Amino acid sequence: TVLVIGACGQLGIELTYELRQRYGASRVIAADVRLPQQAELRDAGPFELLDVLDRPRLEALMQQYRPRQIYHLAALLSATAEKNPQLGWRLNMDGLLNVLDAAVAYQVAQVYWPSSIAVFGPATPRHQTPQLTVMNPNTVYGISKLAGEQWCEWYHQKYGLDVRSLRYPGLIGYKSLPGGGTTDYAVDIYHQALANRTYECFLKEDTYLPMMYMPDALKATLDLMHAPADQITVRSSYNVSAMSFSPAEIAASIKRHIPDFSITYKSDSRQQIADSWPASINDAQARQDWQWQPSYDLHKMTDDMLAHLQLAQSEVQHAAL
Ligand code: VAH
């Protein structure tokens, strides 16, 4: 059995679908603090309400399901955590520690926990950021992810817990909406381009950020989890990367399909967060240790995103007829 905590989030929805495809729906328990809107997520397999800060509830689910693997995804993302620093720290930190403790207590075989490029800060080398380097995050989210990485390493050293992690760049997919991140513009822009032919971007046009298409993020996650333990040399969190682009570049990529699409720029508080993050990531260690290899670049992602979103749009219009 696999327990996915935070199954209703942007990554959680996609990972739960993928895991249910691979292992069978009844083997994947989706858990979140709120019921999913997606009927399929609710009806396609077991769903449990869980606030990961509620230890007795977590224990009860551990007793009931005795999961072999836990994917712990529940967190406040960068922009949201900046507005709710106490909750951001508590959920991101105490939530992780509750899961790590439960995993040791119930001999869970493997734990997955996502970190982020947000662990890097203004003093970090911004181009081809190395696996091991100066890290001085200045966001609540980044501070909690850096601390979380060190806790994962400690639980591995102290208890031998097989906990694995990736420093995700911005993730872009068509099956779920992003939830309060700084890279959310790169998802919103596709929806707005189709709906309104225009998008007001909350980051400046030349804000380069590392990004990854969801199929690549799922591939990296499962490749990491299926790699033999003796190939894993990083127990904090692996750098992984697929591409970097700016709002101007993703707009140009969309224009290849929607020539009358226009973008305007009005940066907000998320600009400071983006400016503290790397422009590109060196993921040589992941490529060496478990043969990481992305498949999607910007244009291939745009072609696939728009094709799926247009399909969904036409299905909705068709159903409405
Ligand atoms: C965020 N999407 O923006 C997340 C991610 C690298 C970005 O951590 O907060």
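Numbering of ligands and ligand atoms starts at 1, following listing order. No experiment lies behind these values; they were computed from the predicted model shown.
Shown in contact with Tyr168 at under 4.0 Å from a heavy atom are these atoms of ligand 1, numbered in order with element: 6 (C). For ligand 1, the atoms sitting less than 4.0 Å from at least one non-hydrogen atom of Leu77 are 9 (O), numbered in the order shown with element in parentheses. Near Ile117, with a cut-off below 4.0 Å to any heavy atom, the atoms of ligand 1 are 6 (C). Close approach of ligand 1 to Ser116 (heavy-atom distance below 4.0 Å) involves ligand atoms 5 (C), 6 (C), 8 (O). Ligand-side atoms of ligand 1 in range of Ser78: 1 (C), 3 (O), 9 (O), range being under 4.0 angstrom from any heavy atom.
At a heavy-atom cutoff of 4.0 Å, ligand 1 is contacted by the backbone of Pro169 but not by its side chain. Only the side chain of Tyr141 comes within 4.0 Å of ligand 1, judged by heavy-atom distances.
Below 30°, between 30° and 60°, or above 60°: for His308 and Tyr174 the angle between ring planes is below 30°, a parallel geometry.
In this structure, the ring of Tyr238 has its center less than 6.0 angstrom from the ring center of Trp290.
In Gln37, the CD atom is not crowded: 12 or fewer heavy atoms of neighbouring residues, nucleotides or ligands sit closer than 6.0 Å.
Nearest protein heavy-atom neighbour of atom 3 (O) of ligand 1: Thr182 N, 2.6 Å. Distance from atom 2 (N) of ligand 1 to its nearest protein heavy atom, with residue and atom name: Thr183 OG1, 3.0 Å.
The minimum heavy-atom distance linking Phe120 with Val134 is given by the pair CD2-O, 4.4 Å. Across all their heavy atoms, Val140 and Trp89 have their closest contact at CG1-N, 4.0 Å.
Residue contacts with ligand 1: Ala118 is excluded, as none of its non-hydrogen atoms falls under 4.0 Å.
Of the charged side-chain nitrogens involved, none lies within less than 4.0 Å of a carboxylate oxygen, so that Asp184 and Arg270 do not count as a salt-bridged pair.
The distance from the CG atom of Leu53 to the CZ atom of Arg90 is 5.0 Å, given to the nearest 0.5 Å.
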